[in-house]
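Structure first, then comments.
Chain identifiers are assigned alphabetically (A, B, ...) following the order of the sequence lines, protein sequences preceding nucleic acid strands; residue numbering begins at 1 within each chain.
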Amino acid sequence: MPELPEVETIRRNLAPHVEGRRVESLEILDARWCRPIAPAELSAAVEGRMVERLSRRGKYLIWELEGDVFLLAHLRMTGTLLLDPAGAPPHTRVWWRLGEHRLAFVDPRRFGTGELALGPEALEAFLARRLGPEPFSEAFNAASLHASTRASRAPIKAFLLDQRKVAGVGNIYADEALFRAGVHPLRPANRLTRKQTEELHGAVVASLQAGIDAKGATIDDFRDPYGVQGSFQDQFLVHLREGEPCPACGRAVRKQRAAGRGT
DNA sequence: CGACACTCCTGATGGC
DNA sequence: TGCCATCAGGAGTGTC
């Protein structure tokens with residue numbers, strides 16, 4: 001499941017190939033991808049525009065196009081972006097054509113989305129409505145995390161998965177960060193001590209950075225734009241390690257549910 | 001505010 | 001071997 005490190009891995013690989021190029025065509029094969037906007041309408045808004053920058057916010061990949069048009073792609077559960085794949089991969093939902101490159105949005109479960117923001121204000125409104133602070137920005141720090149946890153009695157795992165509390169953390173990195181910080185996933189957010197929120201802040205940042213350094217985690221679907229798997233799954237401390245010895249105490253890792261997710 | 005159910009979707013898995 | 005039910009989950013919405 002692509003989370004911040006996986007989307008960042010895609011962005012880094014893709015940016016040099018798409019920035020400065022023109023989106024000659026955007027062929028949307030699955031109307032669900034951009035619903036409720038009609039595929040023709042979205043394509044028309046994008047086609048012919050230069051890609052000024054490929055950026056990321058949380059788990060959104062943002063195509064910053066000339067004329068202040070922004071295309072926000074979200075991979076959700078099973079989305080991948082493949083650059084110049086051989087032939088047409090199964091479950092291709094969208095094709096970009098940029099110069100000599102073709103790019104496929106492949107998504108077996110069809111949860112992935114493409115949305116449009118016209119103008120910087122619309123982009124800002126779109127993001128502000130959905131996302132909290134970016135984990136690597138100054139806006140996310142020990143003090144701000146501590147302050148925002150005060151307002152929530154939800155289990156800290158649910159808190160971390162809430163994109164409005166901190167952007168980009170999903171199930172993998174929530175598990176890894178909580179373990180690193182030594183905080184129980186079901187502990188109410190407002191009952192973490194200052195020391196614990198400080199630990200957790202560091203653990204969230206460190207886990208995400210380790211994920212980026214490992215070029216993402218591949219559980220089953222994730223590939224970078226060249227089709228290469230990430231390696232962070234080899235460094236999981238607890239995620240998907242049910243029954244294996246705990247790296248800290250040696251007892252078997254137990255799996256339970258928190259916030260409706262395997263934990 | 002939060003818990004929970006439901007929706008979207010389909011490949012993988014497990015039971016028989 | 002084959003069939004079927006169940007599960008997985010990111011995000012949005014709605015109910016209580």
Taking only Lys NZ, Arg NE, NH1 and NH2, and the carboxylate oxygens of Asp or Glu, determine whether K255(A) and E242(A) approach each other closer than 4.0 Å. no

What is the distance, to the nearest angstrom, from the CG atom on L161(A) to the P atom on dG9(C)? 10 Å

Rounded to the Å, how far apart are D30(A) CG and dC8(B) P? 14 Å

Applying a 4.0 Å non-hydrogen cut-off, can you work out what S152(A) is touching in the nucleic acid: base, sugar-phosphate, or nothing? sugar-phosphate

F111(A) over dG10(C), stacked by centroid distance under 5.5 Å, angle under 30°: yes

Enumerate the residues from residues 230-239 of chain A whose closest heavy atom to DNA chain B is under 4.0 Å, giving them by residue number; use none for an empty result. none

With a 4.0 Å cutoff (strictly under), does any side-chain N or O of H74(A) reach OP1 or OP2 of dA11(C)? yes

Could you tell me the separation between the CG atom of D107(A) and the P atom of dG11(B), rounded to a whole number of Å? 11 Å

Nearest-neighbour nucleotide for the P155(A) side chain, dG11(B), dA11(C), dA3(B) considered: dA3(B)

Separation of dT13(B) P from E242(A) CD (nearest whole Å): 15 Å

Establish, with yes or no, whether the OP1 or OP2 oxygen of dC8(B) is under 4.0 angstrom from a side-chain nitrogen or oxygen of R76(A). no

Establish, for the pair R129(A) and F126(A), whether the NZ or CZ atom is under 6.0 angstrom from the six-membered ring centre and no further than 45 degrees off its axis. no

Does F70(A) form a ring pair (Phe, Tyr, Trp, His ring centres under 6.0 Å) with W63(A)? I'd like the steps, not just the answer. CA-CA 6 Å; F70(A) 303 91; W63(A) 296 72; over 10 Å; no

Inspect the contact between R56(A) and E134(A) and indicate whether a charged nitrogen and a carboxylate oxygen are less than 4.0 angstrom apart. yes

Nearest-neighbour nucleotide for the P108(A) side chain, dG10(C), dG2(B), dG11(B) considered: dG11(B)

Among dG11(B), dG2(B), dG9(C), which nucleotide sits nearest the side chain of A154(A)? dG2(B)

Using a cut-off of 4.0 Å on non-hydrogen atoms, how would the nucleic acid contact of R153(A) be classed: base, sugar-phosphate, or nothing? sugar-phosphate

What is the distance from CZ of R129(A) to C1' of dG12(C), rounded to the nearest Å? 9 Å

R110(A) side-chain proximity, nearest of dG9(C), dG12(C), dT10(B): dT10(B)

Atom CZ of R109(A) to atom C1' of dA12(B): distance rounded to whole Å? 8 Å

Judged by modelled atom types alone, do Q163(A) and Y60(A) share a side-chain donor-acceptor pair under 3.5 Å? no

In whole Å, what is the span from the CG atom of L240(A) to the P atom of dC7(C)? 18 Å

Assign R257(A) to base, sugar-phosphate, or nothing according to its heavy-atom contacts below 4.0 angstrom with the strands shown. sugar-phosphate

Using side-chain hydrogen bond (donor to acceptor under 3.5 Å, both in side chains) as the criterion, point out the one residue from R261(A), H239(A), K157(A) that pairs with N171(A). K157(A)

Return yes if a side-chain donor-acceptor contact under 3.5 Å exists between D107(A) and T78(A), otherwise no. yes

It should be established whether Q163(A) places a side-chain nitrogen or oxygen under 4.0 Å from OP1 or OP2 of nucleotide dG10(C). no

Nearest-angstrom distance from the residue atom CE of M1(A) to C1' of dT10(B): 13 Å

Going by atom types alone, do H101(A) and D84(A) pair a side-chain donor with an acceptor below 3.5 Å? yes

